[in-house]
Amino acid sequence: MAELDNEKMKAQASAEEPDAETSKAKETEASEETAAEAEAVQKAEEAADETAENAGDEADEDEAIEEADEEAAEDSEEGKGKKSWAERRAEKKQAKQKADAMKEQIDQLEDKVKRQLAEFENFRNRTEREKQAMFETGARSVIEKILPVVDNFERGLATVGPDHQEDPFVDGMNKVYRQLVTELENIGVKPIEAVGKEFDPNLHNAVMQVESEEYESGIVAQELQKGYTYRDVVVRHSMVSVVQ
């Protein structure tokens, strides 16, 4: 009986020993699985981080690839549309002809503008001359009407005797006469010198010939009516007598 009990105890011990080994093995396997799972989780997290970091790079790469594709397409189209030497030469020739035609047209327009400017300048100068001539003609006409008034002043003042030179009326007439003559001089009216000058048909109108011991032949001896010029143009010739 004692031996039988010992054998049962051995058998039970031997049975318990494999269970303990199995339990240890299971524990080891569980810990290994846990470590593997932790390592897998860590790797997954690292992969997620790398994915997040490379997301922008991948977008840039996609954009670069897209741009490269577009450039390649453009190069392909340019290659397809590439023209031959003869076509390029014909285009250059056509462009040169077009440029020459435009230059000729521009030259024609410039010449036309220059002609029009010259015509306008001539028209303006002609208009100015005509206007000035009309003004001078009108001024001479007015001056011709005023000159007889001056003559009458001179004739009237010439009749005043020495005793009446200081009379208020005579003094007033002298002042009016001097003012009238001054204003005529201011606008360019000047008397023509006659007595003692050589006769000039452009300035003098000879109405008679006289003998004179004072002057030589052809010299104006007497002025019968005073002549005037307006801006060096004769308004009225001097009426004179000339020595024979």
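No hydrogens, no waters, no symmetry mates; every other heavy atom, side chains included, goes into these values.
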Using side chain to side chain donor-acceptor pair (under 3.5 Å) as the criterion, list what pairs up with Lys96, not counting sequence neighbours. Asp100

Between Arg88 and Glu91, is there a salt bridge with N-O shorter than 4.0 Å? no

Hydrophobic cluster (4.5 angstrom, side-chain heavy atoms) - remaining members for Ile192: Leu203, Val234

Side-chain cluster (under 4.5 Å, hydrophobic types only) that Val113 belongs to, other residues: Leu117

According to salt bridge (charged side-chain N to carboxylate O under 4.0 Å, His left out), who are the partners of Glu154, at least two apart in sequence or on a separate chain? Lys226

Going by the salt bridge (Lys or Arg N to Asp or Glu O under 4.0 Å) test, which pairs reach into residues 185-203, not counting sequence neighbours? Glu193-Lys197

Under the salt bridge (charged side-chain N to carboxylate O under 4.0 Å, His left out) rule, collect the residues that match up with Lys175, sequence neighbours excluded. Asp171

Nonpolar side-chain network containing Val243, other nodes, edges under 4.5 Å: Val195, Tyr215, Ile219

Taking side chain to side chain donor-acceptor pair (under 3.5 Å) as the definition, give me every residue that meets it alongside Lys92, ordered by chain and number, with sequence neighbours left out. none

Other residues, nucleotides and ligands only: do more than 12 of their heavy atoms fall within 6.0 Å of CD on Glu166? no

What donor-acceptor contacts under 3.5 angstrom involve side-chain atoms of residues 126-133, with partners at least two apart or in another chain?
| from | atom 1 | to | atom 2 | distance (Å) |
| --- | --- | --- | --- | --- |
| Thr127 | OG1 | Phe123 | O | 2.6 |
| Gln132 | NE2 | Glu136 | OE2 | 3.3 |

Sorted by chain and residue number, the side chain to side chain donor-acceptor pair (under 3.5 Å) partners of Lys145 (sequence neighbours excluded) come out as Ser141

To which residues is Val207 joined in a hydrophobic cluster, defined by side-chain heavy-atom contacts under 4.5 Å among Ile, Leu, Val, Met, Phe, Trp and Tyr, whether direct or through other members? Met208, Val210, Leu224, Met239

Taking only residues two or more places apart in sequence or in another chain, which ones pass salt bridge (charged side-chain N to carboxylate O under 4.0 Å, His left out) with Lys112? none

